[in-house]
Amino acid sequence: MSAGASVVQVPETLDAWRMVAARRQFEGRVPLSALTRLEPSLADADGECRFTLEFGQDPLQVPFVELAIETGLPLVCQRSLERFVFPVKTVQRLGLIRDEAEEAALPPGYEPLLVPEDGQLRPLDLVEDELVLALPVVPVAPDSDPVERTCSASEEEQQAASPFAALASLKKQ
């Protein structure tokens with residue numbers, strides 16, 4: 001965060017363009033249970049998410065919001081079927097755009113954020129979107145033991161499983 005900027009609690013909605021002009025910063029905490037789109041992917045809704053939002057313009061006058069998130073997501077390991085906490089610590093710079101045509105003008109490292117016509121953003125929606133994107137496709141606890149495969153097929157089974165085995169038998173005739 002920039003030195004000298006004031007940090008204010010996060011309102012439910014805010015005007016993105018006014019926040020950029022004022023270079024506003026917000027800090028917040030939200031219980032995981034309040035994130036209804038994320039909750040079905042979690043083992044339980046215990047815990048909270050800490051986040052900051054910083055609005056501004058870069059040297060090229062591109063309006064942005066920088067979102068920093070830190071939390072632990074309770075997930076179910078797909079190897080052991082036990083609960084574990086998946087740490088999430090991310091910083092994402094979102095380039096604010098009014099229409100999709102402006103997306104191509106964003107500098108590298110910016111993700112586009114299409115701002116509605118009225119300019120109103122819901123900060124918790126931004127936080128929840130980033131957390132949904134941070135979820136692993138297959139949750140696996142880092143300390144879980146890998147599954148070892150000891151099954152081996154006989155040569156007959158391998159040939160029977162081959163789609164070309166039937167063709168080979170026809171060729172012999």
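Numbers here simply count residues along the sequence, with the first being 1.
A donor-acceptor contact shorter than 3.5 Å links the side chain of Glu128 to the backbone of Thr36. For Glu54 (side chain) and Thr52 (main-chain N/O), no donor-acceptor pair under 3.5 Å exists by modelled atom type.
Nearest heavy atom pair, residue Gly56 against residue Arg23, reads CA-NH1, 3.3 Å. When all heavy atoms of Pro63 and Gln57 are compared, the closest pair comes out as CA-CG, 4.0 Å. Nearest approach of Gln120 to Asp118, heavy atoms of both residues: N-OD1, 3.0 Å. Nearest heavy atom pair, residue Ile69 against residue Cys49, reads CG2-SG, 3.5 Å. Minimum interatomic distance between Leu96 and Glu102 (heavy atoms only, all atoms of both residues): O-OE1, 4.3 Å.
For Val88, the side chain to side chain contact (heavy atoms under 4.5 Å, CB included) partners at least two apart in sequence or on another chain are Thr71, Leu73, Phe86, Thr90, Leu131, Ala134.
Remark: Arg24 is not positioned above the aromatic ring of Phe55, lacking an NZ or CZ atom under 6.0 angstrom from the ring centre and at most 45 degrees off the axis.
Hydrophobic cluster membership differs between Leu94 and Tyr110, with clusters built from Ile, Leu, Val, Met, Phe, Trp and Tyr side chains linked at under 4.5 angstrom. Note on Val30 and Leu32: same hydrophobic cluster, where clusters join Ile, Leu, Val, Met, Phe, Trp and Tyr whose side-chain heavy atoms are under 4.5 Å apart, directly or indirectly. The hydrophobic cluster containing Val132 also contains Val127, counting ILVMFWY residues as joined when their side-chain heavy atoms lie under 4.5 angstrom apart, directly or transitively. No continuous path of hydrophobic side-chain contacts links Val65 to Val62 [ILVMFWY only; heavy atoms under 4.5 Å]. Residues Val137 and Leu75 are members of separate hydrophobic clusters, defined by side-chain heavy-atom contacts under 4.5 angstrom among Ile, Leu, Val, Met, Phe, Trp and Tyr.
A salt bridge between Arg37 and Asp129 is present, with a side-chain N of the basic residue lying under 4.0 Å from a carboxylate O of the acidic one.
Summarising the geometry, atom CG belonging to Leu35 is positioned 8.5 Å from atom CG belonging to Leu42; distances are rounded to the nearest 0.5 Å. Remark: Glu39 CD to Ser33 OG distance equals 6.5 Å, nearest 0.5 Å.
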List, one per line, each side-chain donor-acceptor pair under 3.5 Å for residues 11-18, sequence neighbours excluded.
{"from": "Glu12", "atom 1": "OE2", "to": "Arg122", "atom 2": "NH1", "distance (Å)": "3.1"}
{"from": "Asp15", "atom 1": "OD1", "to": "Trp17", "atom 2": "N", "distance (Å)": "3.0"}
{"from": "Asp15", "atom 1": "OD1", "to": "Arg18", "atom 2": "N", "distance (Å)": "3.2"}

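Taking 4.5 Å as the limit, every side-chain heavy atom of Phe64 sits out of range of all side-chain heavy atoms of Val20. Using a 4.5 Å cut-off on side-chain heavy atoms (C-beta onward), Glu48 and Asp46 make no contact. Side-chain contact between Glu111 and Gln92 is present, with heavy atoms from C-beta onward closer than 4.5 Å. Using a 4.5 Å heavy-atom cutoff, the side chains of Glu66 and Val91 are in contact. At least one side-chain heavy atom of Glu130 sits less than 4.5 Å from a side-chain heavy atom of Leu67.
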